[in-house]
Number of protein chains: 2
Amino acid sequence: MKEQTAVIALSALAQEARLRVFRALIGAAPDGLTPGALSAMLDVTPSTLSFHLKELMHAGLVSLERDGRNLIYRPEIEQMNALLAYLTDHCCQGRGCAPARTRRRVTC
Amino acid sequence: MKEQTAVIALSALAQEARLRVFRALIGAAPDGLTPGALSAMLDVTPSTLSFHLKELMHAGLVSLERDGRNLIYRPEIEQMNALLAYLTDHCCQGRGCAPARTRRRVTC
DNA sequence: TCTATATTTCTATTATTCTCGAAATATGAA
DNA sequence: TTCATATTTCGAGAATAATAGAAATATAGA
């Protein structure tokens, strides 16, 4: 992962409403959630929610599928895993500390 | 980890200069680095660097020790691990996806 | 086609964050 | 105690991000 990509992904998560949205999507994976459901459960106005979902999309952290009248957002687990790896890579210059010896990955 | 703590930690990392500082400290763990060394290697003015280090301290992502005339900053690995866990917990409502079956942790 | 529902885009306002020079503080050494 | 080095704090300007109402768009069904 490039530095700029990581900054964009971290910025997307570094906001209360967006972090709630992302975690709600993680919890609802792999089914996903509609903006309407998210708006109701997180008490965010539709236009504000839409703004935040766009940020998460731009960061590659969520994906979107249309199902008839409904839109379904889901978390992009691989992007999340790439971000986690970026944050912990090269720990202790590779020597000694047994970084990433056990790795946190989400597989769904 | 509380939501607010996670937002603060993510905000601390969601900025190019601070992400570079944090990763430099991860790479230099467990020895740590002085502000002078960081300022030189990352080409950030001392006052700007100090502002960013304060943000990272506030987020609990780095710690500080004085050694005579030098200050030594180090990454707070446990806070980082807590953040990684917060981001991936409750994936798929615990069922099915084998989340965190293998966990990314940095141990130094 | 017309209507209702779901969601996004636009626009303006408000709020927050970043940057860096200058001044202040802390330490060790002469 | 005076000086030099290292770093932080202060302050103000510039840049970026968040919010939500109103209008636009897209879909499905009557």
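In this text the structure is predicted, and so the values were computed from the model without any measurement. Below, chains carry the letters A, B, ... as their sequence lines are ordered, and counting in each starts from 1.
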**Study point:** N/O (side chain, B:Gln15) to phosphate O (OP1/OP2, D:dA17) under 4.0 Å
**Key:** no

Review point. Whole-Å distance between D:dG21 P and A:Leu49 CG?
Key: 14 Å

Review point. So which nucleotide from C:dC18, D:dT8, C:dT7 ends up closest to the side chain of B:Ser50?
Key: D:dT8

Practice item. Choose from C:dT19, D:dT19, D:dT8 the nucleotide whose nearest atom is closest to any side-chain atom of B:Thr48. Key: C:dT19

Exercise for review: May I ask you to say what A:Ser11 touches in the nucleic acid, namely base, sugar-phosphate or nothing, with a heavy-atom cut-off under 4.0 Å?
Suggested key: nothing

Practice item. May I ask you to decide if B:Ala17's main-chain N or O and B:Gln15's side chain share a donor-acceptor pair within less than 3.5 Å? Key: yes

Review point. Could you give the distance from CZ (B:Arg23) to CG (B:Leu13), rounded to the nearest 0.5 Å?
Key: 11.0 Å

Exercise for review: Select base, sugar-phosphate, or nothing to describe what A:Pro46 touches, counting heavy atoms under 4.0 Å on all strands.
Suggested key: base

Exercise for review: Take atom CD1 of A:Ile8 and atom C1' of D:dT16, then tell me their distance rounded to the nearest Å.
Suggested key: 14 Å

Exercise for review: Return the 5'-most residue of the pair A:Ala14, A:Arg69 with respect to DNA chain D, ranking by each residue's nearest nucleotide.
Suggested key: A:Ala14

Practice item. Rounded to the nearest angstrom, tell me the gap between atom CG in B:Leu64 and atom C1' in D:dA6. Key: 13 Å

Review point. Rounded to whole angstroms, how far apart are CD on A:Glu65 and P on D:dT27?
Key: 14 Å

Exercise for review: Answer with base, sugar-phosphate or nothing: what part of the nucleic acid does A:Ser39 contact at a heavy-atom distance below 4.0 Å?
Suggested key: nothing

Check your understanding: Between A:Ser47 and A:Asn70, who's closer to the 5' end of DNA chain C by nearest nucleotide?
Key -> A:Asn70

Check your understanding: Pick the nucleotide of DNA chain D nearest each of A:Thr45 and A:Arg66; which residue has the one closer to the 5' end?
Key -> A:Thr45

Check your understanding: Separation of B:His58 atom NE2 from D:dT9 atom C1', in whole Å?
Key -> 17 Å

Exercise for review: Starting at atom CG of A:Leu13, determine the distance to atom C1' of D:dA17, rounded to an integer number of angstrom.
Suggested key: 16 Å

Exercise for review: Nearest whole angstrom, please: distance from the C1' of D:dT9 to the CZ of B:Phe51.
Suggested key: 12 Å

Exercise for review: Considering just the side-chain nitrogens and oxygens of A:His52, establish if one lies under 4.0 Å of OP1 or OP2 belonging to D:dT19.
Suggested key: yes

Check your understanding: For the side chain of B:Arg74 and the backbone of B:Pro30, is there at least one donor-acceptor N/O pair under 3.5 Å apart?
Key -> yes

Revision key, fill the gap. Taken to the nearest whole Å, NZ/A:Lys54 to C1'/C:dT8 is 8 Å

Exercise for review: Examine distances only and state if a side-chain atom of B:Thr48 and a backbone atom of B:Val44 form a donor-acceptor pair shorter than 3.5 Å.
Suggested key: no

Review point. Okay, side chain of A:Gln79, backbone of A:Ala59: is any donor-acceptor separation there less than 3.5 Å?
Key: yes

Review point. Taking OP1 and OP2 of C:dT8, is either one under 4.0 Å from a side-chain nitrogen or oxygen of A:Tyr73?
Key: yes

